[in-house]
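Everything on this sheet refers to the single structure shown next.
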Amino acid sequence: MKVFISADIEGVAGVVHREHTARDGREHDRARVLMTEEVNSCIEGALSWGATEVVVNDSHGTMRNLIPEAMHPEAEYITGSPKMLAMMEGISPEFDAAIFLGYHSRMGNHGILNHTFHGGVIRNIRINNQDMGEIALNAGIAGVFGVPVVLVTGCQYAAKEALDFIPEIETAVVKHTINRQTAKNLSPQKARYLIKEKTIASLSCLPKIQSVSLQGPFLVEITYLHPGLADAAEILPTVERVNSTTHRFETDDFITAFRYIRSLIAIAGGLN
Ligand SMILES: [Zn+2]
């Protein structure tokens with residue numbers, strides 16, 4: 001049995017500020033330890049459930065956050081960027097389950113450090129009239145490979161967003177958002193214990209959880225924070241300008257939609 005873990009940092013207990021999440025943040029190295037230990041607890045849970053292989057994809061920012069010498073010895077991990085599938089790099093049909101660790105809600109929803117891929121670029125991503133953040137989009141990618149997402153860890157709003165999209169998913173709430181940069185956290189020890197227990201519980205429910213199956217064609221609408229970002233991204237030929245801040249395009253293939261979304265963000269993000 002193989003388990004895939006996509007590990008972000010904003011939903012890790014104790015992480016509440018850019019000082020934790022940014023490469024040049026004064027608290028970043030501390031946050032990396034907290035993230036790595038939550039990942040290790042998830043790996044421990046997967047192994048004690050019976051996983052024979054665990055692969056972790058470092059999914060935040062530089063994608064070089066996990067601390068190699070502190071990693072659980074039995075898991076392999078993907079580090080570095082660029083990666084074609086970004087937060088889902090390494091997923092394949094061989095995996096039995098995926099877990100999203102340290103995740104956060106989408107831009108504009110309540111939730112600690114909420115954003116969608118790039119907090120300086122994206123106001124909203126909408127596919128076939130459904131607003132989608134990182135949880136939904138990455139679950140859609142897992143679904144292309146037939147892999148169910150069984151557990152999301154983070155704040156209560158990330159948990160709600162996951163449950164809205166995948167009603168049977170398990171969640172581990174390691175902190176309660178008070179506002180976008182303030183949370184009431186479990187201690188690191190309790191957060192790790194909860195993650196291990198929820199990993200075992202979610203994998204034990206595996207037969208009940210289906211992979212996400214999104215049907216094309218996909219009408220994708222991307223709304224940027226301001227018109228200048230849309231101006232910059234407009235060099236990508238596929239897009240049609242809908243209004244001052246929104247692009248639209250259509251494709252039959254979800255991975256293609258994802259790649260166009262990331263291309264638009266990369267071009268627009270070059271402005272920031
Ligand atoms: Zn992140």
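Whatever order the structure lists them in is the order used to number ligands and atoms, beginning at 1.
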Notebook entry, point to check: Do E234 and R241 meet the salt-bridge criterion of a basic N to acidic O distance under 4.0 Å?
Noted result: yes
Next item on the list: Answer yes or no: is there an ion pair linking K208 with E168, defined by an N-O contact shorter than 4.0 Å?
Entry: no
Note to self: Using ring centroids (six-membered ring only for Trp), state whether F254 and F218 fall under 6.0 Å.
What the structure shows: yes
Next item on the list: Give a yes/no answer: is there an N/O/S atom of E134 under 2.8 Å from the Zn ion (ligand 1)?
Entry: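 Within the cut-off used here (under 2.8 Å), E134 places no N, O or S atom near the Zn ion (ligand 1).
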Notebook entry, point to check: So, H60 and the Zn ion (ligand 1): N/O/S under 2.8 Å, yes or no?
Noted result: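 Yes - counting backbone and side chain alike, H60 has an N, O or S atom under 2.8 Å.
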Next item on the list: Looking only at N, O or S atoms, find the one in E10 nearest to the Zn ion (ligand 1) and name it.
Entry: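 Looking at E10, the N, O or S atom with the least distance to the Zn ion (ligand 1) is OE1.
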Next item on the list: Measure from the Zn ion (ligand 1) to every N/O/S atom of D8 and report the name of the nearest one.
Entry: OD1
Notebook entry, point to check: What residues form a side-chain contact (heavy atoms from CB on, under 4.5 Å) with R26, not counting sequence neighbours?
Noted result: E19
